2 protein chains.
Amino acid sequence: MTAATKSSGRALPHPEFGEIRLEAVLHALSDPMRLRIVRELALCERELACSYFELPVTKSTTTHHFRVLRESGVIRQCYRGTAKMSGLRRDDLDALFPGLLDGVLRAAARQAERLDGA
Amino acid sequence: MTAATKSSGRALPHPEFGEIRLEAVLHALSDPMRLRIVRELALCERELACSYFELPVTKSTTTHHFRVLRESGVIRQCYRGTAKMSGLRRDDLDALFPGLLDGVLRAAARQAERLDGA
DNA sequence: CCCATTGTACGAGAACCCTCGTAGTTTGAC
DNA sequence: GTCAAACTACGAGGGTTCTCGTACAATGGG
């Protein structure tokens with residue numbers, strides 16, 4: 001079994017490039033938990049396992065948020081062993097909506113500074 | 001009665017500058033009808049009456065969307081005669097989240113071009 | 001083969017959101 | 001004062017979302 005088939009045991013539907021909708025992206029980013037996930041992904045600049053995130057919700061809920069992010073086109077996911085890796089779809093988002101993701105990330109950082117204390 | 005008191009017959013609560021939350025702004029912008037309103041407001045660069053917008057929903061629904069925009073801090077509203085005028089809170093938004101609004105507007109324009117035909 | 005790890009599926013409850021219709025309020029014009 | 005215009009308030013219906021708990025599936029290690 002090749003590495004490719006090995007990682008495709010479970011299906012992970014993603015929207016294609018042209019199917020990504022701004023409204024869906026904004027909605028995905030408008031949830032505090034998901035915005036937090038996206039910020040951590042942007043900070044690390046690499047794919048992270050779901051278990052990396054220590055969110056104050058159960059695992060089922062975490063799964064739900066990752067699915068919303070994936071189905072809106074914000075992140076890309078794949079299985080690697082028992083872990084599910086997630087990474088930002090920076091390339092696609094930047095091509096579709098230049099500056100949008102960075103604008104949101106800067107805004108989020110700024111707000112965090114302002115609220116959580118600089 | 002002065003002009004100021006004349007226009008303050010009805011209450012229009014706005015969040016203060018420091019109360020505006022990124023999540024609320026993103027959520028407000030994630031609805032197609034509201035994004036459309038915001039785009040028109042940005043195009044005209046001045047305050048517009050609700051009746052200016054010809055949205056494919058009833059007036060009650062329109063009122064609802066304008067309230068969501070106002071309560072999230074995206075627009076500012078005031079009464080002028082029987083009309084309710086709405087304008088973008090560009091100054092506050094740009095100060096809080098530099099580049100965010102422009103990023104969203106550019107993304108929306110781009111998507112409209114892509115979908116509705118250039 | 002068995003097991004621990006990691007994440008999924010399903011269902012359910014509570015909350016929220018978008019939409020509408022109807023009835024009402026405020027304002028300015030006559 | 002009366003009337004039309006513009007918008008609001010309220011309530012309701014239908015859909016979606018967020019959250020959870022429990023039970024289940026896939027993978028890799030010993």
Side-chain angles (χ1 to χ4, degrees), chain A residues 1-14 21 23-37 47-72 74-87, chain B residues 1-14 21 23-37 47-72 74-87:
Chain A
M1 213 189 254
T2 69
T5 46
K6 245 172 122 179
S7 300
S8 64
R10 286 162 279 181
L12 284 177
H14 291 71
R21 292 288 172 277
E23 292 87 341
V25 170
L26 292 176
H27 174 252
L29 296 176
S30 73
D31 180 274
M33 217 63 70
R34 291 194 293 259
L35 190 53
R36 175 167 161 176
I37 292 171
E47 296 189 329
L48 294 173
C50 290
S51 56
Y52 171 89
F53 300 87
E54 297 191 355
L55 302 176
V57 291
T58 65
K59 275 202 287 187
S60 336
T61 304
T62 302
T63 298
H64 160 71
H65 285 307
F66 273 99
R67 182 171 45 226
V68 173
L69 286 171
R70 172 169 44 82
E71 291 180 346
S72 67
V74 176
I75 66 172
R76 215 181 322 256
Q77 297 189 292
C78 65
Y79 288 104
R80 200 166 301 157
T82 81
K84 183 161 73 168
M85 310 303 291
S86 300
Chain B
M1 214 189 250
T2 69
T5 45
K6 245 173 124 179
S7 299
S8 64
R10 288 161 278 183
L12 283 176
H14 290 72
R21 291 288 171 278
E23 292 87 342
V25 170
L26 293 177
H27 173 251
L29 296 176
S30 73
D31 180 273
M33 217 62 70
R34 292 194 293 260
L35 189 53
R36 175 168 161 175
I37 292 172
E47 296 188 330
L48 294 174
C50 290
S51 57
Y52 171 89
F53 301 86
E54 298 191 355
L55 303 175
V57 292
T58 65
K59 275 203 285 191
S60 335
T61 304
T62 302
T63 297
H64 160 72
H65 285 307
F66 274 99
R67 182 171 47 228
V68 172
L69 285 171
R70 173 169 45 81
E71 292 181 345
S72 67
V74 175
I75 66 172
R76 214 181 323 256
Q77 296 188 291
C78 66
Y79 288 104
R80 200 166 302 157
T82 80
K84 183 160 76 168
M85 310 303 293
S86 301

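Below, read A as the first sequence line, B as the second, and so on, with proteins coming before strands; counting in each chain starts at 1. Given the structure is predicted, the values throughout are model-derived calculations rather than measurements. Values reported hereafter were calculated over all heavy atoms of this structure, with side chains retained and with hydrogens, waters and symmetry mates removed.
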Nearest listed nucleotide, side chain of [X], among [options]:
X: B:Thr58; options: C:dC20, D:dC7, D:dC18; value: C:dC20
X: B:Ser60; options: C:dT19, D:dA9, D:dC7; value: D:dA9
X: B:Ala83; options: C:dC18, D:dA6, C:dT8; value: D:dA6
X: A:Ser51; options: C:dA9, C:dT6, D:dC7; value: C:dT6
X: A:Thr82; options: C:dT5, C:dC20, C:dC18; value: C:dT5
X: A:His64; options: C:dC20, C:dA9, D:dT19; value: D:dT19

Expressed in angstrom and rounded to an integer, what is the separation of [X] atom [atom1] from [N] atom [atom2]?
X: B:His27; N: D:dC18; atom1: NE2; atom2: C1'; answer: 13 Å
X: B:Glu47; N: D:dC7; atom1: CD; atom2: P; answer: 13 Å
X: A:Asp31; N: C:dC16; atom1: CG; atom2: P; answer: 13 Å
X: A:Met85; N: C:dT6; atom1: CE; atom2: C1'; answer: 12 Å
X: B:Met33; N: C:dC18; atom1: CE; atom2: P; answer: 10 Å
X: B:Leu12; N: C:dT25; atom1: CG; atom2: P; answer: 18 Å
X: B:His65; N: C:dC20; atom1: NE2; atom2: P; answer: 8 Å
X: B:Arg80; N: C:dG28; atom1: CZ; atom2: P; answer: 12 Å

### Message
What contact category does A:Thr61 fall into here, base, sugar-phosphate, or nothing, at under 4.0 angstrom with non-hydrogen atoms?
### Response
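Base: the residue A:Thr61, judged by heavy atoms under 4.0 Å, touches a nucleobase.
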### Query
When rounded to the nearest 0.5 angstrom, what is the spacing between CG in B:Leu12 and CZ in B:Arg67?
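Here the rounded value is 10.5 Å.
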### Query
Once you round to the nearest 0.5 Å, how far does CG of B:Leu35 lie from CG of B:Leu29?
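One finds 6.5 Å between CG of B:Leu35 and CG of B:Leu29.
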### Query
Out of A:Lys59, A:Arg34, A:Met33, which one pairs with A:His64 under the side chain to side chain contact (heavy atoms under 4.5 Å, CB included) rule?
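Answer to the side chain to side chain contact (heavy atoms under 4.5 Å, CB included) test with A:His64 among A:Lys59, A:Arg34, A:Met33: A:Arg34.
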### Query
Start at the 5' end of DNA chain D and walk down; is the nucleotide closest to A:Val57 or to B:Gln77 reached first?
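So the residue in question is B:Gln77.
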### Task
Examine C:dT8: is either OP1 or OP2 under 4.0 Å from a nitrogen or oxygen in the side chain of A:Arg67? Give yes or no.
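No, no such contact exists.
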### Message
Can you tell me if B:Tyr52 touches the phosphate of D:dA6, counting only side-chain N or O atoms and a distance under 4.0 Å to OP1 or OP2?
### Response
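Indeed not, no polar side-chain atom of B:Tyr52 lies that close.
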### Query
So, does the side chain of A:Lys59 form a donor-acceptor pair with the base of C:dG7 at under 3.5 Å?
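Donor-acceptor pair under 3.5 Å: yes.
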### Query
So, A:Thr61 versus A:Thr58: side-chain donor-acceptor pair below 3.5 Å or not?
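Indeed, the side chains of A:Thr61 and A:Thr58 share at least one donor-acceptor pair under 3.5 Å.
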### Query
Closest approach of B:His14 and B:Gln77, non-hydrogen atoms and distance?
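The answer is NE2-N, 2.8 Å.
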